[in-house]
Amino acid sequence: RYTVFSKFSNRVEEHPNDWKGFVPDLIIMKKNKVRCFIFETAQSILEEQFLKRAEQLSHVSYKDFKIEPNLVIRSKETYRQCAEILKEYEFNIKIKLMKKSTKPKKVLRE
């Protein structure tokens with residue numbers, strides 16, 4: 001039910017054939033909704049190019065689809081910094097905190 005596009009996988013296309021403009025790191029399409037994601041690190045949000053990527057992400061459009069731009073980060077501190085930046089520049093982008101992976105818990109046997 002979903003169509004996925006990503007720059008990070010050779011198993012899927014990078015973007016839809018008729019996509020124009022900025023290409024996010026991950027695009028997930030379902031019916032008439034498109035979720036776009038860029039992945040950032042604590043270091044990358046300090047770079048000058050971050051504001052350009054955020055601005056481009058906030059202006060993504062595709063046909064008559066509803067676009068949901070998302071910024072994915074890995075720490076609470078980076079989350080706070082991004083929230084301040086996005087608010088200051090009035091970018092309408094959701095921030096997603098990707099929790100660090102954890103080792104599987106041991107299963108207790110009876």
>> Can you give me the closest heavy-atom contact between Val12 and Ser6, atom names plus distance?
In response: CG2-N, 3.6 Å
> When you check the gap from the basic side-chain N to the acidic O, do Arg53 and Glu40 get nearer than 4.0 Å?
Replying inline: yes
> Among all residues two or more places apart in sequence or in another chain, which pass the side chain to side chain donor-acceptor pair (under 3.5 Å) test with Lys63?
Replying inline: Asp18
> Within the distance-only criterion (no hydrogens, no angle test), does the side chain of Lys7 pair as donor or acceptor with the backbone N or O of Val23 below 3.5 angstrom?
Replying inline: yes
> Residues two or more places apart in sequence or in another chain: which of them pass salt bridge (charged side-chain N to carboxylate O under 4.0 Å, His left out) with Lys96?
Replying inline: none
> Under the side chain to side chain donor-acceptor pair (under 3.5 Å) test, which residues partner Thr41, sequence neighbours left out?
Replying inline: Ser44
> Phe65 vs Tyr62 aromatic rings, parallel, tilted or perpendicular, using cut-offs 30° and 60°?
Replying inline: tilted
> Hey, is the main chain of Glu55 close enough, under 3.5 Å, to the side chain of Ser58 for a donor-acceptor pair?
Replying inline: yes
> Listed by chain and number, what are the salt bridge (charged side-chain N to carboxylate O under 4.0 Å, His left out) partners of Lys94, not counting sequence neighbours?
Replying inline: Glu68
>> Can you give me the closest heavy-atom contact between Ile95 and Ile73, atom names plus distance?
In response: CG2-CG1, 3.8 Å
> Looking at side-chain heavy atoms only, is the closest gap between Phe50 and Leu71 below 4.5 Å?
Replying inline: yes
> Taking atom CZ of Phe8 as the centre, does the number of heavy atoms from other residues, nucleotides or ligands within less than 6.0 Å exceed 12?
Replying inline: yes
>> Quick check: closest heavy atoms across Cys82 and Ile45, and the distance to 0.1 Å?
In response: SG-CG2, 3.6 Å
> Who pairs with Ser61 by side-chain contact (heavy atoms from CB on, under 4.5 Å), at least two apart in sequence or on another chain?
Replying inline: none
>> According to side-chain contact (heavy atoms from CB on, under 4.5 Å), who are the partners of Glu77, at least two apart in sequence or on a separate chain?
In response: Ser75, Arg80, Gln81
>> Can you tell me which residue among Ile28, Leu57, Ile27 is in a side chain to side chain contact (heavy atoms under 4.5 Å, CB included) with Phe37?
In response: Ile28
> Should the heavy atoms of other residues, nucleotides or ligands under 6.0 Å from CD of Glu13 be counted, would the total exceed 12?
Replying inline: no
>> Out of the candidates Val60, Leu26, Asp25, only one should pair with Cys36 under the side chain to side chain contact (heavy atoms under 4.5 Å, CB included) rule; please name it.
In response: Val60
